[in-house]
Amino acid sequence: MRINLDESITRLKAGDVVAIPTETVYGLAADARNENALKKIFATKERPASNPLIVHIASADKVTDWASEYSALAQILAKAFWPGPLTLVLPAKEHVSNILRANEPTVALRVPAHPITQQLLQQGQLAVAAPSANKYTQLSPTTPEHVEQSLGEGVAVLDGGACQVGIESTIISVADNTWQLLRHGMITPAAIEEICGIAASDETKEKPKAPGQHLLHYSPRTATYLFDDIQTLNAFAESHQHCHALLFNQAQAATCDYTALPADADKAATALYQTLHDMDASEAEHLLILSPPNTPAWLAIIDRIQRAAHRT
Ligand code: TXA
Ligand code: MG
């Protein structure tokens, strides 16, 4: 069910959940100060209570409503990247609900860039908790249709068109003079380092760790396989029927049906989930993904497709 901005604000203030557009993916939003509303997010998504939520705020001056410490480093990063796809994990104020932060001593905050959601937060004087608006472990939604396919037609959706960034925000935890990468996104560690002059601490650049980052995540329903080279992918395609491949470099071709995403990582990210949703809805029985180059610009996409393809 599609609803307008005013109706979205009314429902959020009444303690209901509403799917809202952000520049990354659609979020399933609820008033971050209302514990009953927060519980509805977990119930609707069938998400484990151990997986904390991101609070979306209207602007950086709201950080101190939620965080007990807002270091100079965090302020520099907020100024450089907000509104935008960067989430800062900071020490939480005591009042922040344990449901929201899953008993962590910290809270995750971000100022989203989508104009309608900016208006919703400002006009409604709201802060909303919002995980991606899909059932737990399924493919993330970048259109209202994806939200309805995953959560059902009954869910209220504020239509903001297709998401422009296309994959979830970069998450970092920030202390006084250090920061750690918790989840890859299109804002790279190198871009963060360039702004603040501080490199990410320890090995998190390679292996980010955030609670609830389940290995089987962002997954199509159809069996999905990841390949490092086109020869191995083609060999698989030749020995299996009904394959559809996803490539990131137009210079290569698969011997089965395939979709080629742009060789530019930002453009590929914008189209990634839509393409996976389409492949999942097609007749294909095996989805084959050729891993893009292992370079910094592609790390967020590689992270998502590795999770999409994970099979135990
Ligand atoms: O782009 C995004 O970040 C989207 C849009 C809707 O804003 N949201 C999103 O939310 O991807 P979700 O719930 O699917 O992923 C949020 C992740 C959690 O899985 C958890 O790992 C991390 O954020 N997180 C939240 N609070 C945290 C905390 N206090 N400490 C560490 N990690 C936290
Ligand atoms: Mg998610």
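What you see below is based on every heavy atom in this structure, not just the backbone, and it leaves out hydrogens, waters and symmetry mates.
In this structure, Asp229 places its CG atom where more than 12 heavy-atom neighbours from other residues, nucleotides or ligands lie under 6.0 Å away. Taking a 6.0 Å sphere around CG of Asp228, one finds it holds 12 or fewer heavy atoms contributed by other residues, nucleotides or ligands. A 6.0 Å sphere centred on NZ of Lys267 holds no more than 12 heavy atoms belonging to other residues, nucleotides or ligands.
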Side-chain polar contacts of residues 151-164 - donor-acceptor pairs under 3.5 angstrom, sequence neighbours left out - could you list them?
| from | atom 1 | to | atom 2 | distance (Å) |
| --- | --- | --- | --- | --- |
| Asp159 | OD1 | Gly161 | N | 2.9 |
| Asp159 | OD2 | Arg2 | NH1 | 3.0 |
| Gln164 | NE2 | Ala162 | O | 3.3 |

Sequence neighbours left out, cut at 3.5 Å: what donor-acceptor pairs do the side chains of residues 84-91 make with other protein atoms?
| from | atom 1 | to | atom 2 | distance (Å) |
| --- | --- | --- | --- | --- |
| Thr87 | OG1 | Ser169 | OG | 2.8 |

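For the atom pair CG of Leu226 and CG of Leu233, the computed distance is 9.5 Å after rounding to the nearest 0.5 Å. In this structure, the separation between OG on Ser8 and CD1 on Ile20 is 8.5 Å, given to the nearest 0.5 Å. Note: His56 NE2 to Leu120 CG = 11.0 Å, rounded to the nearest 0.5 Å. How far CG of Leu276 is from CG of Leu287: 7.5 Å, rounded to the nearest 0.5 Å. How far CG of Leu5 is from OG1 of Thr10: 9.0 Å, rounded to the nearest 0.5 Å. For the atom pair CG of Asn34 and CG of Leu100, the computed distance is 11.5 Å after rounding to the nearest 0.5 Å.
Listed for the Arg11 side chain is no donor-acceptor partner under 3.5 Å among the backbone atoms of Val18. Formation of a donor-acceptor pair under 3.5 Å by the Lys93 side chain with backbone atoms of Thr64 is found in this model. Put simply, the side chain of Ser201 gets close to the backbone of Trp179: a donor and an acceptor are under 3.5 Å apart.
Between the side chains of Glu283 and His244, no donor N or O sits under 3.5 Å from an acceptor N or O. At a cut-off of 3.5 Å, with distance as the only test, no side-chain donor of Arg304 or Ser140 sits close to an acceptor on the other residue. With no hydrogens or angles considered, a side-chain donor-acceptor pair links Glu35 and Ser97 at under 3.5 Å.
At least one side-chain heavy atom of Pro131 sits less than 4.5 Å from a side-chain heavy atom of Ile41. The shortest side-chain heavy-atom distance between Phe248 and Leu272 falls under the 4.5 Å cut-off. Counting heavy atoms from C-beta outward, Gln123 and Asp6 have side chains that approach closer than 4.5 Å. Using a 4.5 Å heavy-atom threshold, the side chains of Thr170 and Phe81 count as separate. By the 4.5 Å heavy-atom criterion applied to side chains, Ile187 and Ile192 are counted as neighbours. Residues Glu145 and His277 are not in side-chain contact: their nearest non-hydrogen atoms beyond the backbone lie 4.5 Å or more apart. By the 4.5 Å heavy-atom criterion applied to side chains, Asn134 and Tyr273 are not counted as neighbours. In this structure, the side chains of Pro112 and Leu121 come closer than 4.5 Å at one or more pairs of heavy atoms.
Residues Ala254 and Leu247 share a closest heavy-atom pair of N-CD1, 3.9 Å. A pairwise comparison of heavy atoms in Thr222 and Asp280 identifies OG1-OD1, 2.5 Å as the closest pair. Shown here for Pro21 and Thr117, the closest heavy-atom pair between the two residues is O-OG1, 2.5 Å. Considering every non-hydrogen atom in both Ala113 and Pro83, the closest pair reads CA-CB, 3.7 Å. Closest heavy-atom contact between Gly166 and Thr142: O-CG2, 3.6 Å. When all heavy atoms of Ala60 and Trp82 are compared, the pair lying nearest together is CB-CE3, 3.9 Å.
Connection of Ile230 to Tyr225 is established within a shared hydrophobic cluster, with ILVMFWY side chains joined at heavy-atom distances below 4.5 Å, either directly or through further cluster members.
Under the ring-ring contact (aromatic ring centres under 6.0 Å, His included) criterion, the residue pairs touching residues 94-132 are Trp66-His95, with sequence neighbours excluded.
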Subject >> Stepwise side-chain contact (heavy atoms from CB on, under 4.5 Å) test for Ser71 and Val174 >> reply: CA-CA 8 Å; Ser71 67; Val174 185; 3.9 Å; yes

**OP:** Let me see the working for Ser132 and Lys45 under side-chain contact (heavy atoms from CB on, under 4.5 Å), right down to the final yes or no.
**Re:** CA-CA 9 Å; Ser132 51; Lys45 275 184 66 82; 3.5 Å; yes

**OP:** Test Ile54 against Ile171 for side-chain contact (heavy atoms from CB on, under 4.5 Å), laying out the working first.
**Re:** CA-CA 10 Å; Ile54 297 170; Ile171 305 180; 4.3 Å; yes

Original post:
Passes side chain to side chain donor-acceptor pair (under 3.5 Å), Asn234 versus Glu238? Steps please.
Top reply: CA-CA 6 Å; Asn234 281 333; Glu238 275 146 34; 5.5 Å; no

**OP:** Test Gln274 against Thr143 for side-chain contact (heavy atoms from CB on, under 4.5 Å), laying out the working first.
**Re:** CA-CA 8 Å; Gln274 177 68 58; Thr143 65; 3.5 Å; yes

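In this structure, Arg110 does not pair ionically with Glu168, as no charged nitrogen and carboxylate oxygen lie closer than 4.0 Å.
Taking Gln122 as the reference, Ala58, Gln118 meet the side-chain contact (heavy atoms from CB on, under 4.5 Å) condition, with sequence neighbours excluded. With sequence neighbours excluded, the residues forming a side-chain contact (heavy atoms from CB on, under 4.5 Å) with Glu46 are Lys135, listed by chain and number. Applying the ring pair (Phe, Tyr, Trp, His ring centres under 6.0 Å) test to His240 and every residue at least two apart in sequence or in another chain returns Phe236, His286.
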